[in-house]
A.B. asks: 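Attaching a single structure in structure tokens format; questions to follow.
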Protein chains: 2
Amino acid sequence: MTTDICSQSRRSPRDRIVDAARYLFRKHGIRGVGVDAIVDAACSNKMTLYRHFSSKDDLIVECLRRAGMEMDNYWRELEDAHPGDGLAQLRAWVRRIADHLGANDCNCELMSAAVQLTDEDHPARSVIKRFKDAQRDHVVELCRNAGVANAELLCDTLLLLIEGARLNQQSSGSEGPSARFAGIADAAILSFAGSSSVPE
Amino acid sequence: MTTDICSQSRRSPRDRIVDAARYLFRKHGIRGVGVDAIVDAACSNKMTLYRHFSSKDDLIVECLRRAGMEMDNYWRELEDAHPGDGLAQLRAWVRRIADHLGANDCNCELMSAAVQLTDEDHPARSVIKRFKDAQRDHVVELCRNAGVANAELLCDTLLLLIEGARLNQQSSGSEGPSARFAGIADAAILSFAGSSSVPE
DNA sequence: CCGAGGTGTTACAGATCGGTAACATTGGCG
DNA sequence: CGCCAATGTTACCGATCTGTAACACCTCGG
């Protein structure tokens, strides 16, 4: 319907399975979709899935790793679009998140996965934590490059606002507090950047 | 272990089941715990559960309704502790959330439930939405009472920060961005309250 | 043409899930 | 005591879940 993975029969079954899994995971939750539904949406079969992935958890890990890689690619796109301009990259990043709040093609996968995979020792947890740490480091660097004095503080403020907006979107809908996310986040950036040359 | 519901045999089986369900839902996720585990933790049995609740979904709804009622009680406690002082109630509310970020006895139930119950027509969705709307109205009223000019904006800022902090706690741990939540949120309150008598 | 590797099909195992029926047990109240 | 309602016990149903075994297919390089 929305993205007919079955019609992409020229792609490898492995890629179709991963894409179908990511789509269904976003739509029905990781625990709410079974491998049968995944291979059905991918126009493949269970045997092929288990020839590429040792278990469903292994497939989940691969899905999250791909989501992280796509995010890394987006960081590079931002750097290319605004080379050396951390402030512009930050604002473009926030604007993109605001624009994609309604759609489910965003990278909410990694955070909603953390809510759904409550087991502390699930193999995906390390993937999530590694991605989160890398993202934080990169945003801090952008803030510092933008001339913000307290880069860590702005970074954490933005991260809290972003994930709060994504979560609120799911519980309160588009007309809830997440509707004001773009303005709030951009105001925070400008507020910090404005007092850039005023340490303390 | 942590809270031995079984030893509270004087309480009604219904209450023990609901409490055990809420505890396990928080710990392993709504979809990650079965009715057998619930009645086992409650030292009851499946038949008694299904005599009180027509289905597992019905039990979920009751759990969320109780979480919402406890939140209403907390609003009343705040009003009693700081009668008529919206600013003090806001700051006490934020401080309490910050203190309870690590523990799982907070009311994250209603928001994490929204992530786990992806079906748009799940009976719990209306409970969640109703609670969220009421919470927003109440916080807006507190902001307005605190003399804040743009009460809705501060309310939504706080709501985004709070849910972002709770979500980040689960994916990045206690040392992540959520560690700075208390300072960020309190600064936001004071910033808005400071410019209270300066509309626009 | 032929053999081999990746793929698809069918069937099934073992476990767990939500939910129910029939019956035994308990505790409180007259 | 004896009754009654709530609760507990056991066994089970059908559906669904992850994961596997055996076998058929099909394409492509030598």
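In what follows, every chain begins at residue 1, and chains take the letters A, B, ... in the order their sequences are listed. Keep in mind that what you see is a predicted model, and the values were worked out from it rather than measured.
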A.B. asks: Using only atom types and a distance under 3.5 Å, with no angle test, would you say the side chain of A:Glu79 pairs donor to acceptor with the backbone of A:Gly84?
C.D. replies: yes

A.B. asks: Looking at residues at least two apart in the chain, or sitting in another chain, which of them share a side-chain hydrogen bond (donor to acceptor under 3.5 Å, both in side chains) with B:Arg136?
C.D. replies: B:Asp156

A.B. asks: Please report the shortest heavy-atom distance between B:Asp19 and B:Arg66, naming the atom on each side.
C.D. replies: OD1-NH1, 4.3 Å

A.B. asks: Output the distance between atom CD1 (A:Ile162) and atom CG (B:Leu167), rounded to the nearest 0.5 Å.
C.D. replies: 11.5 Å

A.B. asks: What is the distance from atom CZ of A:Phe192 to atom SG of A:Cys155, rounded to the nearest 0.5 Å?
C.D. replies: 10.5 Å

A.B. asks: State, to 0.1 Å, how close B:Ala182 and B:Val94 come at their nearest heavy-atom pair, and which atoms those are.
C.D. replies: O-CG1, 4.5 Å

A.B. asks: If you compare all heavy atoms of B:Lys56 against all heavy atoms of B:Val33, which two are closest, and at what distance to 0.1 Å?
C.D. replies: NZ-O, 2.9 Å

A.B. asks: Is there a path of hydrophobic side-chain contacts, each under 4.5 Å between heavy atoms, that joins B:Leu87 and B:Tyr74?
C.D. replies: yes

A.B. asks: For DNA chain C, which residues in residues 10-19 of chain A have a heavy atom at a distance below 4.0 Å?
C.D. replies: A:Pro13, A:Arg16

A.B. asks: Below 4.0 angstrom, which residues in residues 117-127 of chain B have at least one non-hydrogen atom near DNA chain D?
C.D. replies: none

A.B. asks: I'd like to know if the side chain of B:Thr157 reaches the main chain of B:Leu153, judged simply by a donor and an acceptor atom lying under 3.5 Å from each other, with no hydrogens or angles considered.
C.D. replies: yes

A.B. asks: Please answer: with hydrophobic residues joined when any side-chain heavy atoms are less than 4.5 Å apart, are B:Met69 and B:Trp93 in the same cluster?
C.D. replies: no

A.B. asks: Not counting sequence neighbours, which residues clear side-chain contact (heavy atoms from CB on, under 4.5 Å) with B:Arg10? List them please.
C.D. replies: none

A.B. asks: Scan residues 38-50 of chain A against DNA chain D and write down, sorted by residue number, each residue with any heavy atom closer than 4.0 Å; if none is found, say none.
C.D. replies: A:Lys46, A:Met47, A:Tyr50

A.B. asks: Identify every side-chain donor-acceptor pair in residues 137-145 of chain B under 3.5 Å, counting partners at least two apart or on other chains, and give the distances.
C.D. replies:
{"residue": "B:Arg144", "atom": "NH2", "partner": "B:Glu152", "partner atom": "OE2", "Å": "2.9"}
{"residue": "B:Asn145", "atom": "OD1", "partner": "B:Gly86", "partner atom": "N", "Å": "2.8"}

A.B. asks: Give the angle between the helix axes at the two ends of the helix from C:dC1-D:dG30 to C:dG30-D:dC1, taking five base pairs at each end and rounding to 10°.
C.D. replies: 10°

A.B. asks: Restricting to non-hydrogen atoms, name the atom on B:Ile128 and the atom on B:Ala113 that form the minimum distance, rounded to 0.1 Å.
C.D. replies: CD1-CB, 4.0 Å

A.B. asks: If the condition is side-chain contact (heavy atoms from CB on, under 4.5 Å), which residues does B:Asp58 pass it with, not counting sequence neighbours?
C.D. replies: B:Phe53, B:Ser54, B:Ser55

A.B. asks: How close do A:Gln8 and A:Asp4 get, counting heavy atoms only, and between which atoms?
C.D. replies: CG-O, 3.8 Å

A.B. asks: Closest heavy-atom contact between A:Ala188 and A:Leu154?
C.D. replies: O-CD1, 4.0 Å

A.B. asks: Do the side-chain N and O atoms of A:Gln116 and B:Gln116 include a donor-acceptor pair separated by under 3.5 angstrom?
C.D. replies: no

A.B. asks: Can you pull the contact range of chain B along DNA chain C, 5' to 3', using atoms under 4.0 angstrom from its heavy atoms?
C.D. replies: C:dG18 to C:dA22

A.B. asks: With a 3.5 Å cut-off and no angle check, do the side chains of B:Gln169 and B:Arg166 form a donor-acceptor pair?
C.D. replies: no

A.B. asks: Chain B on DNA chain D: first and last contacting nucleotide, 5' to 3', under 4.0 Å to a heavy atom?
C.D. replies: D:dT7 to D:dT9

A.B. asks: Applying disulfide bond (SG atoms under 2.5 Å apart), which residue pairs with at least one partner in residues 28-77 of chain A are found, sequence neighbours left out?
C.D. replies: A:Cys6-A:Cys43

A.B. asks: Going by heavy atoms closer than 4.0 Å, what residues in residues 54-62 of chain A are next to DNA chain C?
C.D. replies: none

A.B. asks: Can we say A:Arg95 and A:Asp186 salt-bridge, meaning some charged N sits less than 4.0 Å from an Asp/Glu carboxylate O?
C.D. replies: no

